[in-house]
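Just the heavy atoms: all of them, side chains too, but no hydrogens, waters or symmetry mates, feed the values below. The model shown is predicted, which means the values in this text are computed figures rather than measured ones.
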Amino acid sequence: SCGRVLGSAVMITAAFAGAMLSMGFVLLIAQRVRQMPLLVVSGVMIGYICSAVTDFVITFAEDSNIVNLHNWSMGSFSGISWDNIRVMTPVSLVCVFLLSKPISAYQLGEGYARSMGVNIAAFRVVLILLSSVLSACVAAFAGPISFVGIAVPHLAKSLFGTAKPILMIPACFLGGAGFCLLCDLIARTVFAPPELSISTVTALFGAPVVIYIMVHRKSSRG
C-alpha cells in the first residue's frame, strides 16, 4: 500500500513538472506577445510539440505501456484506486482552501487586494503553481478530461448567484464530482458493452456551456 501511495505521489510530481514546463513556455511567450489570438495560437503550438514528444516516446515504449497510455489518453476513472484518492484529497483541499481568502479579495480588484495585505505578484505565482498541481492530480490518474473545469464553475456561479470562493469552492467540488459521475455513467452504459471515453461525454455537455458563456459575454459587452 505504501508503495502504491508513493507511486501515486511520483505520478503527480511528474505531471506537475510537465504542467509547469508547458506553463513556463506559455508565460515566456506571453511576455513577448500581447495579442490574444497570437497567444492562443502559441498555446496550441505548444500542445502540438507536447504531442510530438509523446509520440516519440511511444515509438520506443513496450506494447503494454502503449495500451495503458491509450486508455489514459481517452480519459477514464476506471484506474482510480483509494490509494490515489488518499494522495489527491489532502493536496486538493490544502491547495484550494488556503487561497479562498486571497481570491475573495482579488475579485474586488487589485487595489482592494493590496489594501487587504495581499501580495499580488506572489499571489499570481502561487495561483499558477497550485492550479498546475490540481490539474496534475486529475491528469495523472484520470487522463485529459475536458471542459469540466470551465463549465462547472460557471454553472455553479449561475445557480447560486455569487462568486464568493467560500461557497463556490465546495459547490465546484460537489458539482464537478456529480457532473463527472453522470458523464461516466453515460459513457459506460449508453453503448454497452463498448465504453465511450468520458472526455467525449464531458465535451458534449460542457462545450455548449462554454460556447454559451462566450456568446453571452460578447453580447452583453456589445
Asker: Does CZ in F25 sit with more than 12 non-hydrogen atoms of other residues, nucleotides or ligands closer than 6.0 Å?
Answerer: no
Asker: Of the options T200, I198, L204, which is the one that meets T202 in a side-chain contact (heavy atoms from CB on, under 4.5 Å)?
Answerer: I198
Asker: Hey, could you give me the OG1/CG distance between T189 and L196, rounded to the nearest 0.5 Å?
Answerer: 9.0 Å
Asker: Indicate every side-chain donor-acceptor pair of residues 165-188 with a distance under 3.5 Å to a residue at least two apart or in another chain.
Answerer:
unit_1, atom_1, unit_2, atom_2, d
D184, OD1, R188, NE, 3.3
D184, OD2, R188, NE, 2.8

